[in-house]
Amino acid sequence: MIAVTTMRTMCLFLIVFAVSAHGQEPILNFQNRFLPEVARNGMIASPEKLAAEAGVDILRRGGNAIDAAVATGFALAVTYPRAGNLGGGGFMLIHLEEADRQTFIDYRETAPAAAHRNMFINEEGAVDRNLEFFSHQSAGVPGSVAGMIHALEKYGTMSLRQVLQPAIELADKGFPISFALDSELAGRQERLLKNPEAKRLFFQEDGSRHPVGDILRQPDLAWTLKQIRKRGSKGFYEGAVAERIVADMQANNGLITLEDLAGYQVVEREPVRGSFRDFEIVSAPPPSSGGVHIVQILNILEDYPLLEWGHNSAAYLHHLAEAMKLAYADRSRYLGDPAYSDVPVEKLTDKAYATRLRQLIKPDQATPAESIRPGAVMVSESHDTTHFTVADSQGNVVSNTYTLNFSFGSHIAVPGTGVLLNNEMADFAAQPGTPNAFKLVEGEANSIEAGKRPLSSMSPTIVFRDGEPWLATGSPGGSRIITAVLQTTINAMAFDMNIASAAAAARVHHQWLPDVLLLERGVSIDTRRLLEAKGHTLGDTRRTIGRTQSIVIEDGLLYGATDTRRPGGWVAGY
Ligand code: DON
């Protein structure tokens with residue numbers, strides 16, 4: 001009771017202060033109605049509870065954020081098979097407190113040597129979507145195992161044996177099937193049952209689902225994890241595991257060879273950097289499009305009176321959507337693997353370029369997508385996935401997004417390994433100029449070439465305030481990743497929301513083509529009408545946009561928020 005009275009008095013004080021500070025009515029745009037979890041020493045925000053707890057256990061035993069991230073990454077491959085993986089790839093953004101620097105570990109899949117530009121085009125000249133999405137040819141050479149081991153060896157403090165142990169135990173002993181896992185398997189049951197090995201891994205003999213609460217054991221996956229424990233990266237990329245992958249490829253017209261696996265390389269890159277008002281943004285560079293376009297959209301929005309317009313007001317959403325369109329138009333033309341084409345990162349993230357782009361935005365009228373030409377004002381002088389975020393007691397932060405592409409990837413499991421194959425080859429432009437799986441139109445920069453990394457939208461991001469890591473987040477969601485991460489950060493930076501509210505607030509998404517503005521449920525009907533009056537075509541509101549896992553570090557405390565859009569997420573801290 002005392003606490004409640006004190007809170008009320010404080011709120012009253014704050015309102016009076018706000019009135020006098022502005023000399024007018026306070027602008028109370030948004031109430032922080034969702035509360036984050038709080039801890040002091042270490043925290044993991046993850047899409048699944050057991051993997052989060054595995055990571056926090058590593059932190060408690062003295063491991064750093066990288067040790068914990070790698071332990072969680074391997075554990076999610078067991079407990080969250082829709083996106084946690086050994087057979088996929090991803091990106092890890094790390095802030096190293098002692099060295100006061102950030103680094104980006106790119107462990108994205110690569111196209112096998114036998115891949116070629118028209119590999120998914122059928123005799124009629126159209127893209128064969130089944131071949132592209134659900135065949136052995138859908139798979140790129142996996143990067144996750146190499147990426148996790150690279151991060152551990154270079155920046156971790158524990159042994160591979162220590163960080164693999166939780167995953168091995170979860171696979172060997174099994175864990176109870178949660179309602180969340182059951183619903184994920186239900187959503188993909190029909191397709192998974194088409195692959196006998198995936199059926200054997202996740203379903204009963206008659207193809208029905210195991211009852212919720214039954215123990216799911218994955219002995220083949222435990223075997224694979226033990227090969228990795230014994231031989232490090234070579235335990236996956238060479239020897240018995242690699243031979244099983246290649247045998248399955250050969251039996252099913254797949255392209256991945258022993259040479260492709262042995263030749264897989266992690267690339268460590270400089271992150272993309274930008275700023276928004278007093279905040280610094282550090283995010284994903286190409287072959288992700290995420291960081292570039294988050295920075296670009298923030299640059300465009302920076303000088304607008306966002307707080308005055310109000311969170312999710314028609315004025316704000318209009319300008320946000322227009323900025324998104326301009327950025328995704330540029331994405332279609334310029335973004336791809338930087339080893340294969342020049343990606344003008346500096347130009348695209350330049351404030352002056354954003355100023356010119358801002359001039360193309362009409363305050364009251366939506367610009368039709370077809371009239372937007374990518375890069376028109378660029379001057380020559382000057383892209384189911386999952387995310388988890390870790391913070392440790394020493395100030396290190398890890399923001400990691402990794403994926404099989406679709407939920408359960410290609411829905412194909414390699415016999416005897418417990419490993420699901422990704423379908424990341426679908427992230428290439430199978431036919432430049434025609435929309436891909438996420439309806440994104442992409443160009444030559446993202447055509448299929450041997451060895452190339454497909455363009456991604458995964459955007460692990462860390463926002464700095466006063467030179468210190470303040471907010472770390474990331475999301476699944478295909479093309480919607482960029483806009484989900486963007487809005488989570490803007491909500492915290494510009495609208496002063498706590499991290500749980502920033503993550504929960506309704507999101508919007510526009511990706512230039514199709515020329516449709518998607519609004520989640522929760523945007524008011526009158527705002528919808530005002531947006532339509534400005535010429536926006538609104539999409540349906542049934543699907544959600546992204547699923548962030550976020551941590552904010554403030555005043556020596558860690559505030560964590562798992563997105564409320566999907567069940568099963570967990571913030572573990574101590
Ligand atoms: O790298 C990318 O952008 C995609 N493969 C991500 C796919 C994804 O997020 C699907 N999940 N909802």
Side-chain angles (χ1 to χ4, degrees), residues 45-47 82-85 88-93 104 106-109 271-272 274 281-298 320-321 323-325 327-328 330-332 335-336 383-389 399-407 409 422-424 426-427 435-442 446 453-463 471-491 502-503 505-512 518 520 543-550 561-563 565-566 569:
S46 145
R82 71 181 287 173
N85 68 82
F91 303 131
M92 185 183 284
L93 175 64
F104 183 84
D106 167 358
Y107 58 96
R108 179 78 163 161
E109 300 91 328
V272 161
I281 318 296
V282 180
S283 190
S288 174
S289 54
V292 165
H293 298 306
I294 289 171
V295 168
Q296 183 183 10
I297 297 170
L298 288 171
L320 179 61
M324 289 173 177
K325 276 190 225 175
Y328 277 79
D330 281 350
R331 183 187 189 282
S332 74
L335 271 287
H383 197 311
D384 205 27
T385 303
T386 195
H387 182 86
F388 56 88
T389 300
S399 188
N400 186 92
T401 315
Y402 73 155
T403 188
L404 290 164
N405 194 19
F406 290 8
S407 202
N422 69 77
N423 61 348
E424 221 70 59
D427 271 355
N436 77 359
F438 300 106
K439 299 193 174 73
L440 288 162
V441 176
E442 294 159 347
N446 193 34
R453 287 160 141 86
L455 179 58
S456 173
S457 299
M458 292 186 288
S459 313
T461 296
I462 305 177
V463 177
L471 186 162
T473 191
S475 179
S479 59
R480 303 160 186 214
I481 294 173
I482 299 171
T483 48
V485 170
L486 170 81
Q487 287 166 89
T488 306
T489 60
I490 293 189
N491 290 349
R507 297 177 186 139
V508 307
H509 172 79
H510 202 304
Q511 60 181 51
W512 178 50
L518 300 176
E520 285 187 325
R543 288 188 59 190
T544 52
I545 297 169
R547 181 193 187 184
T548 53
Q549 309 293 343
S550 318
T562 181
D563 206 309
R565 283 166 181 75
R566 291 190 206 162

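For the atom pair OG1 (Thr403) and CZ (Phe91), the distance works out to 10.0 Å, reported to the nearest 0.5 Å. If you take CD1 on Ile281 and OG1 on Thr489, they are separated by 6.0 Å, rounding to the nearest 0.5 Å. Summarising the geometry, atom OG belonging to Ser332 is positioned 11.0 Å from atom CD belonging to Gln511; distances are rounded to the nearest 0.5 Å. Between the CG atom in Leu320 and the CD1 atom in Ile297 there is a gap of 7.0 Å [rounded to 0.5 Å]. Between Thr401 atom OG1 and Met92 atom CE the span is 10.0 Å, to the nearest 0.5 Å.
Across all non-hydrogen atoms, the minimal contact from Ser288 to Leu455 is C-CD1, 4.2 Å. A pairwise comparison of heavy atoms in Met458 and Arg108 identifies CE-NH1, 3.4 Å as the closest pair. In plain terms, the two heavy atoms of Pro460 and Ser399 that are nearest each other are CB-O, 3.2 Å. Residue Pro286 comes nearest to Val292 through the heavy atom pair CD-CG2, 4.2 Å, listed as atom of the first residue, atom of the second, then distance. Heavy atoms only, all atoms of each residue included: Thr386 and Pro47 are closest at OG1-CG, 2.8 Å. Of all heavy-atom pairs between Leu440 and Ser479, the closest is CD1-CB, 3.5 Å.
In terms of the side-chain contact (heavy atoms from CB on, under 4.5 Å) criterion, residue partners of Pro271 (sequence neighbours excluded) are, by chain and number, Leu93, Gln102, Phe104, Arg273, Val282. Taking Ala437 as the reference, Phe133, Phe406 meet the side-chain contact (heavy atoms from CB on, under 4.5 Å) condition, with sequence neighbours excluded. In this view, Asn85 and Ser144, Tyr402, Leu404 satisfy the side-chain contact (heavy atoms from CB on, under 4.5 Å) rule, not counting sequence neighbours. The side-chain contact (heavy atoms from CB on, under 4.5 Å) check on Arg543 picks up Arg480, with sequence neighbours excluded. Residues passing the side-chain hydrogen bond (donor to acceptor under 3.5 Å, both in side chains) test with Ser550, sequence neighbours excluded: Thr473. Under the side-chain hydrogen bond (donor to acceptor under 3.5 Å, both in side chains) criterion, Ser407 pairs with Arg82, not counting sequence neighbours. The side-chain hydrogen bond (donor to acceptor under 3.5 Å, both in side chains) test applied to Asn422 returns no partner, not counting sequence neighbours. Take Ser475 and apply the side-chain hydrogen bond (donor to acceptor under 3.5 Å, both in side chains) test, not counting sequence neighbours, and it matches no residue. Applying the ring-ring contact (aromatic ring centres under 6.0 Å, His included) test to Tyr328 and every residue at least two apart in sequence or in another chain returns His509.
Within the 4.5 Å cutoff, the side chain of Leu298 has heavy atoms near those of the Leu486 side chain. Between Pro476 and Arg547, the closest side-chain pair of non-hydrogen atoms falls below 4.5 Å. Two residues are said to be in side-chain contact when any heavy atoms from C-beta on lie closer than 4.5 Å; Val508 and Thr483 fail this criterion. Side-chain contact check for Val485 versus His387: every heavy-atom pair is 4.5 Å or farther apart. In this structure the side chain of Gln487 reaches within 4.5 angstrom of the side chain of Met324, judged on heavy atoms. Residues Arg507 and Thr548 form a side-chain contact, since some pair of their non-hydrogen atoms from C-beta on lies under 4.5 Å apart. Residues Trp512 and Asp330 have side chains not in contact (no heavy-atom distance under 4.5 Å, counting atoms from C-beta outward).
Side-chain atoms of Asn446 come within 3.5 Å of backbone atoms of Asp427 as a donor-acceptor pair (strictly under, hydrogens ignored). A donor-acceptor pair under 3.5 Å links the side-chain atoms of Glu520 to the main chain of Ile545, judged by distance alone.
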